[in-house]
Protein chains: 2
Amino acid sequence: MTDIDTDNSPIPERKRGSGVKMVYDLLRDEILDLVLPPGSPIDEVQLAERLKMSRTPIREALVRLAGEGLIDTLPNRSTMVANIDFLNLNPFFDALVLMYRVTTRLAAQNHRPEDLAVIRGFHEDYAAAVKSRDALTMIATNAAFHAAIAEAGRNPYFTSLFRRLLDEGRRILRLYYQSYEEQFPQRFVDEHAAIIAAIAARDIEAADRLGKAHAEQIVEQVQKLFARNNKLDIAL
Amino acid sequence: MTDIDTDNSPIPERKRGSGVKMVYDLLRDEILDLVLPPGSPIDEVQLAERLKMSRTPIREALVRLAGEGLIDTLPNRSTMVANIDFLNLNPFFDALVLMYRVTTRLAAQNHRPEDLAVIRGFHEDYAAAVKSRDALTMIATNAAFHAAIAEAGRNPYFTSLFRRLLDEGRRILRLYYQSYEEQFPQRFVDEHAAIIAAIAARDIEAADRLGKAHAEQIVEQVQKLFARNNKLDIAL
DNA sequence: TGTATTTTTCTTGTCGACAAATAAAATACA
DNA sequence: TGTATTTTATTTGTCGACAAGAAAAATACA
C-alpha cells in the first residue's frame, strides 16, 4: 500500500521471452530462502506492477512453480507459497536418503572428468561459506554440490526428483539456521571431501555407503534441531 | 490441413477455470497414447481453434506439460512432443525398477484397507483388458494399477516420480504393442496378484522382492521387443 | 545454376481489457 | 446484539490484439 519504489527501476527494458524465466527465478529464490515463508499469499497484480510486466508471463511462471510443488493454487481463489508438513517429514527424509545414495552411487559409476571439476567447485564454495559462517550461502551451495553429483550420475529422472528434495531441504534448513550452528558444517565439509574421493576413484560401494551415511547424518541433525525447536514452540 | 470437424463440437460452453485442465488432460492422453507421436509439432493457434478457446489457457497447459517433460519448447520457436531417447533407455529402466521396488515396499508398510480396494479394482480392469486383448487399455490400466500401489505407499515424492516413469512407459509400450503379444500379459496378471497378496499381508520383504522381479520382467520384455524391432529397422 | 540479401509469412510472447467467481462490506431483519 | 441477505469490491480466468523473432519465400547478384 505504501507507495515506495516510485522511481528505482533498473530494468527499463527486457528481452522478449525472458519474462517468465525472470519471474520464475525470482519467486523460486524468494521461496527457497524463506523471503516468502510458507503460506504467504502471492498476488498476481502486485507482482505485475513490481516487475512492470503484464499478468500473462507471471501466471505462466506460477503454473510452473505449482508443478514443482513450490506453490499451491486454489481455483478461483488465492495462490500461496506451499506449506511444509512438519508433522510428518518421514516421506521427505525417506526420499532424500534414497536419492543421496542413488545419485552418489551413479556418479561414481558414470561421471566424466569434467564433472569432477564442477563438483569440486561447489565443494570449495561450500567450504568458504562454512568458514565465513554464511548460513544462507551454506545452504544453497550444499544443495548445488549434491545437485552437481546427481548430474554426474546422468539419470535425469533421479536428478529432477533430487533437485526437488534439495529445494525443499533448503526451506527446512533455512528455518532452523537463522543463526549459525557450531559443529554441523565442518563435519559435512569433510564428508563431502570423502564422497568426492570415492566418486573420483569410481568406488561405487564406497560412494553408496558414504552417501547414505551423509544423508543419515543430515536427517539426524535436522531431527535434533527439530526436537529442540518443538520444545521451544511448546514453551510459547 | 483437411478441414474435418466442421460442425461436430459438443462443447458449446465450458465452466470457468476448466480450460487449462481440459487442454492438459486432452494433450496428455494424446501424447501417452501416441496419437501425437514423439516429435509432433504442437500448434497453439490450431489447438485454440479446435477447442474453441483463446491461446492463454492453452499456453498454461503447455507450460505444465513441459514441466513434466512431456513436451519440449524451443524459445520463440515451435513446441513439440518430447522425444524418447531409444538409444539409451538405461536411466529410464534404472529409475523404473527402483521405483517399482520402493513403492511396492512402502505400500506393504503403509497401506490402509481402503487402498486395497482401489488396487484390486485396477487389477481386475487390467485382467479384463488382457482377456479382451485390448492393448491400449492394458497399458493404461497397468500404469493405473501401479500408481495406486504407489499412492498406498503414501510418499508423494516417490509417487510423482513413479507416475512420470509410468507415463513414459505407456509411450514406450504403446510403440511396441500395436498388435497384442501372446504370453506377456497373463504372466503379469499373476504377478500382480502375488504383489497384492504381499501388500495385504504387510510382508515388506516379499513385496520388495516381487516388485523388483516384476519390474525386471517388464524391462527384459521391453528390451526383447526392442532388439527384435531394431532388427526390423535395420532390415528396412 | 548457386549463393547472398531482402521481403513476406507465420508463430510466439506480451499486453490491456472484461466478465465470472469469490470475498468483504453494508444493510436488513430478528 | 447477532444473524441473514444484499451490495460492493477484489481477484482470477479468459479473450482478442499486436509486435518481436524466426522461418520461408522471393528477389538480387555472381
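Chain letters run A, B, ... following the sequence lines, proteins first, then strands; residues in each count from 1.
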Tabulated below should be each protein N or O lying under 3.5 Å from an N or O of nucleotides 8-10 of chain D; please produce it.
none

- prompt: With sugar-phosphate meaning primed atoms plus P, OP1 and OP2, does B:Thr73 contact a base, only sugar-phosphate, or nothing at under 4.0 Å between heavy atoms?
  reply: nothing
message: Is A:Ser54 close enough to C:dT14 that one of its side-chain N or O atoms is under 4.0 Å from OP1 or OP2 there?
response: no
field: Euclidean distance, atom CG of residue B:Leu47 to atom P of D:dC15 [Å, nearest integer]
entry: 13 Å
field: Separation of C:dC15 P from A:Glu49 CD (nearest whole Å)
entry: 13 Å
field: Pair B:Arg112 + B:Glu151, salt bridge at N-O below 4.0 Å
entry: no
message: Name the residue from B:Val81, B:Ile58, B:Leu32, B:Leu47 that meets the side chain to side chain contact (heavy atoms under 4.5 Å, CB included) definition with B:Leu27.
response: B:Leu47
field: Between OH on residue A:Tyr24 and CG on residue A:Leu26, distance to nearest 0.5 Å
entry: 12.0 Å
message: Counting only side-chain nitrogens and oxygens, does A:Thr56 get under 4.0 Å of the OP1 or OP2 atom of C:dT14?
response: no
message: Keeping A:Asp72 on the side-chain end and A:Met80 on the backbone end, is there a donor-acceptor pair under 3.5 Å?
response: no
message: Please determine whether a side-chain nitrogen of the Lys or Arg among A:Arg163 and A:Asp167 lies less than 4.0 Å from a carboxylate oxygen of the Asp or Glu.
response: no
- prompt: What's the NZ-C1' distance between A:Lys52 and C:dC15, to the nearest Å?
  reply: 16 Å
message: Could you write out DNA chain C as dot-bracket? Rules: Watson-Crick or G-U wobble, both distances under 3.5 Å, brackets [ ] for crossings, | for pairs with another strand, dot for unpaired.
response: ||||||||||||||||||||||||||||||
- prompt: To the nearest 0.5 Å, how far apart are CD in B:Glu168 and OH in A:Tyr157?
  reply: 4.0 Å
statement: When rounded to whole Å, the CG to C1' distance for the pair B:Leu51 and D:dT14 reads 14 Å
N/O to N/O distances under 3.5 Å, protein versus nucleotides 6-12 of chain C:
unit_1, atom_1, unit_2, atom_2, d
C:dT12, O2, A:Arg16, NH2, 2.2

task: Would you check if the side chain of B:Asp134 reaches a backbone N or O of B:Ala129 as a donor-acceptor pair within less than 3.5 Å?
output: no
query: If you take all heavy atoms of A:Pro91 and B:Arg154, which pair is closest and at what distance?
result: CG-O, 3.9 Å
message: Once rounded to the nearest 0.5 Å, what's the spacing between atom OG1 of B:Thr103 and atom CG of B:Asn155?
response: 10.0 Å
- request: Identify the two heavy atoms, one from A:Leu166 and one from A:Ala143, that lie closest to each other, and give their separation to 0.1 Å.
  value: CD1-O, 3.5 Å
field: Nearest-Å distance for atom pair CD/P, residues B:Glu60 and C:dT14
entry: 13 Å
query: How close do A:Val20 and A:Ala61 get, heavy atom to heavy atom, and via which atoms?
result: O-CB, 3.8 Å
